Amino acid sequence: MTPEMYNELREQEILGQEMSDEKEKSILLRKNIMKLAIAESATNCTIMCGTLFAKFDVSIHKQMATNLKKTLQTFFDNRKKNDCHVQMSGTLPDNEYAYDFMPIVDFRHEGVGI
């Protein structure tokens, strides 16, 4: 085995480890988001295609949904300031709300996030 072949295999191994770590970080982030939703009285929640769907079974569901939005925004701001904006969609059937996590991009830096 030549040194070049060894270095290439080593780079692939390191890249594989980084991708593996990213998957674990993604799973942890999803779990934390769902824990926040349940802590804010969501009776049912799921994350599908990067969107959190949370259902509330009380008469003040709109206020609870707004509180969850603020909690999620605070969570992301504490992780990294100006990284993500939480956007809440209106009431879906059965008092369900959708929360999208939009990356904040500063186009002065050629589309690179802040």
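Atoms considered below: every heavy atom in the structure, side chains included; atoms not considered: hydrogens, waters and symmetry mates. Here the structure is a predicted model, which means the values were calculated and not measured.
Nearest heavy-atom pair across Ile33 and Ile47 is CG2-CD1, 4.0 Å. Summarising the geometry of Val86 relative to Gln73, their closest heavy-atom pair is N-OE1, 2.8 Å, with the distance given to 0.1 Å. Taking each heavy atom of Met34 and Thr46 in turn, the nearest pair found is CE-CA, 4.1 Å. The minimum heavy-atom distance between His85 and Ile104, with the atom names listed, is N-CG1, 4.0 Å. Pairing each heavy atom of Phe101 with each of Gly50, the nearest pair is CD1-O, 3.4 Å. In this structure, Glu40 and Thr71 approach most closely via the heavy-atom pair OE2-OG1, 3.1 Å.
Hydrophobic clustering of Ile, Leu, Val, Met, Phe, Trp and Tyr side chains at less than 4.5 Å, counting indirect connections, unites Tyr99 with Val58. Ile60 and Phe56 fall within a single hydrophobic cluster, where Ile, Leu, Val, Met, Phe, Trp and Tyr are joined by side-chain heavy atoms under 4.5 Å apart, directly or via other members.
Of the possible polar contacts, one joining the Thr43 side chain to the Lys55 backbone as a donor-acceptor pair under 3.5 Å is found. Remark: the backbone N or O of Ala54 is not paired with any side-chain donor or acceptor of Glu96 at under 3.5 angstrom.
With values rounded to the nearest 0.5 angstrom, Ser89 atom OG is found 11.0 Å from Lys69 atom NZ. Atoms CD1 and CG, from Ile27 and Asn32 in turn, are 12.0 Å apart once rounded to the nearest 0.5 Å. To the nearest 0.5 Å, atoms CG (Asn44) and CG (Asp94) are separated by 10.0 Å. Taken to the nearest 0.5 Å, the NZ atom of Lys31 stands 14.5 Å off from the CG atom of Leu36. Rounding to the nearest 0.5 Å gives a distance of 12.0 Å between CG of Asn67 and NZ of Lys62. We find the CD-CG distance between Gln87 and Leu72 to be 13.0 Å, quoted to the nearest 0.5 Å.
Screening Leu92, Leu52, Thr91, Leu68 for a side chain to side chain contact (heavy atoms under 4.5 Å, CB included) with Tyr97, the sole residue that qualifies is Thr91.
For Ser41, the side-chain hydrogen bond (donor to acceptor under 3.5 Å, both in side chains) test picks out no residue, with sequence neighbours left out.
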Is there a side-chain contact (heavy atoms from CB on, under 4.5 Å) between Phe75 and Arg79 once you walk through the steps?
CA-CA 6 Å; Phe75 171 74; Arg79 289 183 72 228; 3.7 Å; yes
